[in-house]
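Notes for the one structure printed next.
Reminder, nothing fancy here: chain letters follow the sequence lines and each chain counts from 1.
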There are 2 protein chains.
Amino acid sequence: MNEPIYRQIADDLRGKIESDEIAHGAQLPTESDLMGQYDASRNTVRDAIRLLTTRGLVETRPGQGTFVVEQVSPYVTTLSDPDIGEESGLYRLDLAASQHTSASTHPRVEIQRASSRIANELHLEQDSTVISRHQKRYIDGAPWSLQTSFYPMRLVEQGATRLIQAADIKPGVVSYLTGVLGIEQAGWRDSIIVRAANEAEAGFFRLSDDGRVSMIEDWRTAFDQHGAPFRLTVRVYPADRNQLVANFGSVS
Amino acid sequence: MNEPIYRQIADDLRGKIESDEIAHGAQLPTESDLMGQYDASRNTVRDAIRLLTTRGLVETRPGQGTFVVEQVSPYVTTLSDPDIGEESGLYRLDLAASQHTSASTHPRVEIQRASSRIANELHLEQDSTVISRHQKRYIDGAPWSLQTSFYPMRLVEQGATRLIQAADIKPGVVSYLTGVLGIEQAGWRDSIIVRAANEAEAGFFRLSDDGRVSMIEDWRTAFDQHGAPFRLTVRVYPADRNQLVANFGSVS
DNA sequence: GGGTATTTGTCCGTATGTATT
DNA sequence: AAATACATACGGACAAATACC
């Protein structure tokens, strides 16, 4: 037997799904049915389904059955846009049908010591004090992303005291910093990796805890007009329903 | 039993890995050992290991054992750099220790009819003729990314005949198009999604065929000085060893 | 609300195959 | 060739979630 049985079953089912013989959202035959169809044991059938599950083709629902996953049009985040109103729920979002509402929780504000990487990004000494502002963000009531922004404590000491208040800063933190301290956002750098979800993320985004859906993690460091970093924003998105877009130079 | 046994075992092992009680690269106890340690059946132990595997913490090697995965420093691709010498192996790469060599195969050139999405990106009619130039790219001899560029056939008709030759175009296609047709790259748009690897990709990148490692797919559309798209480049990277960086505005 | 049937989830035991040392 | 370790495949039993009457 060159190819294991469970792979043969998985390949056969995959063909039926990709040829639309089994439609999106439709239910697959039950494990019991598949045992009969392929003359295999239940565990072998389940191995086949698990393969399709980790590849994101199907999902199982206890008590109901196994279903072909529905394709969802992804949320699009444009990296080349500055964060206008980044805490006020006005976050820019491109969607084919733009009738969507976005919202975010009030920030949870913490005073922390900078980890090695955070200190490095903000050009601070390690263990420097930073302000952390954490928010959960939703689209149409569904969890969309988790965001934490870090600011050097010097900004508060210089007068930007609203940074340590657990309230939205409207119309945006950058506008506020410009008004209070004259800091302008001259540029930013996004650094993007894909990694497995941790427990908190799996809970918030309601991911199956088998670790199949990975996370897109975006570290954005913002620089002022003197080239000094003044903010680090870490955003995490579920990779299966989000898309990133970046424009450079002149695009139509 | 609130938490299933295999999850308890997985959590316990995860703790030992994250606390470095079991070092990176080290071997886990064998399935037989774990059966004894946790007084569980072999299948239950294997369920626990599978959970850690899909989360990317460990990998199994038949005949050898189960090992904690080594952390590899990711390859960094800077999206905000134009593709200087994009076919000549000079692709820009940021690495801590920059003593690395990159190389790519000679392009495989095909004449194709544009799919719906490709036609849309290049502002062509569907089923228009496009040139496809496909390359495999390596770093230090290891597979790094797959790249396919699409060009409208009108570029060849207007004189850029080297596009349909299966040879590198040095110092770069953009330079060539500028010289022959006066086309300059005024800007570009990157669109990034994460998806499961297909069979060809799993083979090229030597991924385990359990579909655990997903792919980063980057669609880059380049625009000329008149705002017209003249090239679409689709790149695919394994998500577990690649990082994207983008700079906007003025960054230090 | 309760009970029952259906369906997937967990767990066990066993046997054999394949890869590596 | 032999020993070790993971991979595949079978069988059975009970639990948990869901749907339906």
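- Within 4.0 Å of A:R61, counting heavy atoms only, lie sugar-phosphate atoms of the nucleic acid but no base atom.
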Assess the residue pair B:Y38 and B:Y6 against the criterion (ring-ring contact (aromatic ring centres under 6.0 Å, His included)); give the C-alpha distance rounded to whole Å, side-chain angles, the decisive distance to 0.1 Å, and a yes or no.
CA-CA 10 Å; B:Y38 294 102; B:Y6 76 95; over 10 Å; no

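- Of all nucleotides listed (D:dT8, D:dA7, C:dT8), C:dT8 comes nearest to the side chain of A:T60.
- Remark: the backbone N or O of B:Q147 is not paired with any side-chain donor or acceptor of B:R133 at under 3.5 angstrom.
- Between A:Q64 and C:dT8 there is no side-chain polar atom (N or O) within less than 4.0 angstrom of OP1 or OP2.
- Rounded to whole angstrom, the span from the CZ atom of B:F67 across to the P atom of D:dA5 amounts to 10 Å.
- In this structure a side-chain-to-backbone donor-acceptor pair under 3.5 Å is present from B:Q27 to B:Q64.
- Straight-line distance from the CD atom of B:E3 to the C1' atom of D:dA16: 14 Å, rounded to whole Å.
- With B:M215 as the fixed residue, the side-chain contact (heavy atoms from CB on, under 4.5 Å) test singles out one of B:I193, B:L146, B:L207: B:L207.
- Listed by residue number, B:T44 are the residues of residues 44-58 of chain B with a heavy-atom contact under 4.0 Å to DNA chain C.
- Residues B:P29 and B:D33 approach most closely at CB-CB, 3.7 Å, considering heavy atoms.
- A cation-pi arrangement is absent between B:R231 and B:F150 under the rule of less than 6.0 angstrom and at most 45 degrees off the ring axis.
- Nucleotide D:dT4 holds its P atom 15 Å from the CE atom of B:M35, rounded to whole Å.
- Closest to the side chain of B:P62, from the set D:dA13, D:dG12, D:dA7, is D:dA7.
- Under the 3.5 Å distance criterion, the side-chain polar atoms of A:N198 are matched with a main-chain donor or acceptor of A:E201.
- Across all strands shown, D:dC14 forms a Watson-Crick or G-U wobble pair, both distances under 3.5 Å, with C:dG9.
- Residue contacts for B:S32: at a heavy-atom cut-off of 4.0 Å it reaches no nucleic acid atom on any strand shown.
- Here the nucleotide nearest the side chain of A:Y6, chosen from C:dT8, D:dA9, C:dC11, is D:dA9.
- For A:E31 and D:dG11, the CD to P distance is 15 Å, given to the nearest whole Å.
- Rounded to whole angstrom, the span from the CD1 atom of A:I5 across to the P atom of C:dT16 amounts to 15 Å.
- Nucleotides of DNA chain D nearest to B:L28 and A:A40 differ in position, and the one nearer the 5' end is that of B:L28.
- B:R42 has its CZ atom 17 Å from the C1' atom of C:dT10, to the nearest Å.
- For the pair A:T30 and C:dT6, the criterion of a side-chain N or O lying under 4.0 Å from OP1 or OP2 is not met.
- Note: CG (B:D39) to C1' (C:dG13) measures 14 Å, nearest angstrom.
- Going from atom CG of B:N43 over to atom P of D:dA13 covers 16 Å, rounded to whole Å.
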